[in-house]
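Notes for the one structure printed next.
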Amino acid sequence: MADNPYLAHRKDKKASSSSEPLLGFLPRKVKGEQVRKALDHENNPFTKKPHTAQYRKILEARKKLPVFMQMDEFLTMFSDNQIIVMVGETGSGKTTQIPQFVTFSDLPHTKGKLVACTQPRRVAAMSVARRVAEEMDVELGREVGYSIRFEDMTEPGKTFLKYMTDGMLLREAMNDPNLERYSTIILDEAHERTLATDVLMGLLKDIAKRRADLKIIIMSATLDALKFQKYFGLTQDSAAPLFKVPGRTHPVEVFYTQEPEPDYVEAAIRTVLMIHRAEDPGDILVFLTGEEEIEDACKKIKLEADDLVNQDPDSVGPLVCIPLYSSLPPQQQQRIFDPAPSAISPSGPPGRKVVVSTNIAETSLTIDGIVYVVDPGFSKQKVYNPRIRVESLLVSPISKASAQQRAGRAGRTRPGKCFRLYTEKDFMGELEEQTYPEILRCNLSNTVLELLKLGIKDLVRFDYVDAPAPETLMRALELLNYLAALDDEGNITALGRIMAEFPLDPQLAKMLIASPEFKCSNEILTITAMLSVPNIWVRPANARREADEAKALLSVPDSDHLTLLNVYNQYYQNKYDKNWAWQNYVSGRALAQAENVRDQLQRTMERFEIELVSLSDEKKLYQNVRKALVIGFFMQVAHKEGEKGSYLTVKDNQNVALHPSCGLDSQPEWVLFNEFVLTKRPYIRTNTDVRGEWLLELASQYYDLSSFPDGETKRTLQRIAKKRDGKAGGVSNGGEPASKKQRKK
DNA sequence: GAGCACTGC
């Protein structure tokens, strides 16, 4: 080694210059001047290697970021406080720079700790980590890494700056309730108020009291900072300090309509065509609420734009209209990055690109070159009704914050315009300031189990940023108690602790853990994975009949759940072939995801020594799968009332119908469902024929008939119970009566 | 005879 002239040279250099770049750095007492000197140093302070030319080039650009100018102010605040709230608008560079500043001050590598920065989305965690590794002149996955589900790009003992999804940090907290590995935790995009961010905020506030050495930074883009400041204040009257950085975007001029628009889709189409005729070149982004609306609008825009071009080719250029929503295959999503069409003739008017998108373009996807935004002011939002335990999507007015975010999409490359299809008066007076946080809008059974596993005992009095409705918490506790994840005092049970380790809804976790008792854990594992990914059925508008025929061939007559198992098994037998998927009108992407989820769940099962077994008798196996479903989903059963395909959910007495996508070839008396969806009517989706006696036998606590409301369901169950009790030796699980087997179509 | 805002583990 000593013969290496390069090393010798470096050694000499080191001796002659200021030697160690971090010399004199006192953890958490570091000054801006010191950091700037270290950044300009010849050697990388963390790898000791000389900085590359690329590093210097990037550094020069970083120095121009707004946040860079305020490094001294930030470092002083970081030294003096345990918790900081930071507001940085788009383009401030907060996500890439602040974690680096923190690293230089905190020096986590000297104490075997890490700095974490959370993101609500996986792509963001990955791409920001990659960028920061470049900026710090290190290899991604070494000093700087990321951690997301299915991919841990970090090196234990080496990585000291880690970007991760908020959900991933929450998972870690379940087995390390003080998050001891971290010296500083940065929650980015806190204004988005994802479920995981909200839970983490509550958790971190609590941990901060126990761990004086832990520093916390809450980063947010909008002006709801005061709420966070107050929440994280040390006492009732004090607030956490605010660090504020201006953004760097172009101005966006906002226009409102004079009168409210009765039909926002029609108004949006009209506005797009108006822009196309009258405004300077530049692409348009239109926000609508869902797939159908978007596809429909795209067709109409295309038709009308073609008309305009035909009428007046000298003044109207060509226009392409591109739909954008999450269920679109990635290849088609990529089309939004295609350049606008060129002019028809060299001297003709230039072309224009229009992207018609859901909210996905508000946060998740950024399209450069957008100059005009058309904002009708609506989006689909999840709402939860705890009374009937149903989550549904409702087209609702957006918040002011959301409208601001949408407008900002027009100013990324140059000054832009935003056309709001509502009045200024409505904007000022009718729109909420912020979008309702997710924790107030959804079923919390998963979250409640997580909180209990995290050691929070009193869920009602837990210090939430926004407390969920007590009824929502009660519903969650009730479900968890029926599933035996909680005892009657509300304490988490041993079973509940294992359930919480699975990245699944409690019903699925319970079913999976219990499945070895029914000797079908291989099958339940597959079904659980299939239920954890988006819809696997592909039904192109131009091949509906073919798709339905293909689905019929894959269907198992008495269970949609078994159909999912069948699809996965055939996919497996065809060696995970995407072509097989394509030919059978199932989504190869969803199947590949299911495969991934299945592997992850299997590893968790192995960790808890949950056996993977299958009965060899196929008929018995399938029956046992249907019984195992009852172990998790006994609260999601409907009973047929009358002959018209009308069902009533047990106990809740909601009128429901089998969803049209249901593959059952009859209308069984008892149906277990995976999902209750409220669209044009209440439907139950992904259904399995089950038997009344199984309910009484396998879920006797819930099917305690004294707790049942009067009605046909109760009377039927009473008859079954009577028959059962009349028999010597109790329940028979033997063959079904022949009459029930008769199918009608 | 209909859907699928968007994320995340």
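Numbers restart at 1 for each chain; the letters A, B, ... are given by sequence-line order, proteins then strands. Note that the coordinates shown come from a computational prediction; the quantities given were computed from them, not determined experimentally.
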Discussion item. If you go through the side-chain atoms of R539(A), does one of them form a donor-acceptor pair with the base of dA2(B) closer than 3.5 Å?
Written reply: yes
Worksheet item: Distance check: side-chain N/O of Y683(A) vs OP1/OP2 of dA2(B), anything under 4.0 Å?
Response: yes
Worksheet item: Does atom NZ of K299(A) have more than 12 heavy-atom neighbours, drawn from other residues, nucleotides or ligands, at distances under 6.0 Å?
Response: no
Worksheet, complete the sentence: Rounded to whole Å, the OH-P distance (Y384(A) to dC6(B)) equals 22 Å
Fill in: Proximal nucleotide (of dG3(B), dA2(B), dC9(B)) relative to the P660(A) side chain
dA2(B)
Worksheet entry | Within 45° cone of F287(A) ring axis and under 6.0 Å: R406(A) NZ or CZ | yes
Worksheet item: Out of dT7(B), dC9(B), dC4(B), which has the shortest distance to the side chain of I360(A)?
Response: dT7(B)
Practice prompt. Classify the nucleic acid contact of R149(A) as base, sugar-phosphate or nothing, counting any heavy atom under 4.0 Å across all strands shown.
Written response: base
Fill in: Any T165(A) side-chain N or O less than 4.0 Å from OP1/OP2 of dC9(B)
yes
Worksheet entry | Whole-Å gap separating C1' (dG8(B)) and CD (Q593(A)) | 12 Å
Discussion item. Side chain of N535(A), heavy atoms from C-beta onward: which of dC6(B), dC4(B), dG1(B) has the nearest atom to it?
Written reply: dC4(B)
Item to complete: Measure the acute angle between the ring planes of Y683(A) and H659(A), then classify it against the limits of 30° and 60° as parallel, tilted or perpendicular.
Response: perpendicular
Worksheet item: Are the charged groups of D599(A) and R603(A) less than 4.0 angstrom apart, N to O?
Response: no
Discussion item. With a 4.0 Å cutoff (strictly under), does any side-chain N or O of T358(A) reach OP1 or OP2 of dC6(B)?
Written reply: yes
Worksheet item: Does T679(A) put a side-chain nitrogen or oxygen below 4.0 Å from OP1 or OP2 of dG3(B)?
Response: yes
Worksheet item: Of the candidate nucleotides dG8(B), dC9(B), dC6(B), which contains the atom at the shortest distance from the side chain of S326(A)?
Response: dC6(B)
Discussion item. How about NZ on K205(A), more than 12 heavy atoms from neighbouring residues, nucleotides or ligands closer than 6.0 Å, or not?
Written reply: yes
Practice prompt. Give a yes/no answer on whether the side chain of R685(A) brings an N or O atom under 4.0 Å of OP1 or OP2 in dC4(B).
Written response: yes
Practice prompt. Report which part of the nucleic acid K382(A) touches: base, sugar-phosphate, or nothing (heavy-atom distance under 4.0 Å, all strands).
Written response: base
Discussion item. Students often get this wrong, so: under 4.0 angstrom with heavy atoms, is I148(A) touching a base, only sugar-phosphate, or nothing?
Written reply: sugar-phosphate
Worksheet item: Using a cut-off of less than 4.0 Å, is there contact between a side-chain N or O of S661(A) and OP1 or OP2 of dA2(B)?
Response: no
Discussion item. Return whichever of E450(A) or Y325(A) has its heavy-atom-nearest nucleotide of DNA chain B closer to the 5' end.
Written reply: Y325(A)
Discussion item. What is the separation between atom CD on E675(A) and atom P on dG3(B), rounded to the nearest whole Å?
Written reply: 12 Å
Worksheet item: Does F502(A) or R681(A) map to a spot on DNA chain B nearer the 5' end, using the closest nucleotide for each?
Response: R681(A)
Discussion item. Side chain of L393(A), heavy atoms from C-beta onward: which of dG1(B), dC4(B), dG8(B) has the nearest atom to it?
Written reply: dC4(B)
Worksheet, complete the sentence: To the nearest angstrom, the CG-P distance between D505(A) and dC9(B) comes to 15 Å
Practice prompt. Starting from P on dG8(B), measure out to CZ on R441(A) and report it in whole angstrom.
Written response: 16 Å
Fill in: Options dG1(B), dC6(B), dG3(B), nucleotide nearest the side-chain atoms of D548(A)
dG1(B)
Worksheet entry | Spacing of M168(A) atom CE relative to dG8(B) atom P, expressed in whole Å | 13 Å
Worksheet item: Expressed in angstrom and rounded to an integer, what is the separation of L658(A) atom CG from dG1(B) atom C1'?
Response: 12 Å
Item to complete: Write down the distance between CD (E391(A)) and P (dC6(B)), rounded to a whole number of angstrom.
Response: 15 Å
Practice prompt. Answer yes if the ring centres of F378(A) and Y264(A) are under 6.0 angstrom apart, and no otherwise.
Written response: yes
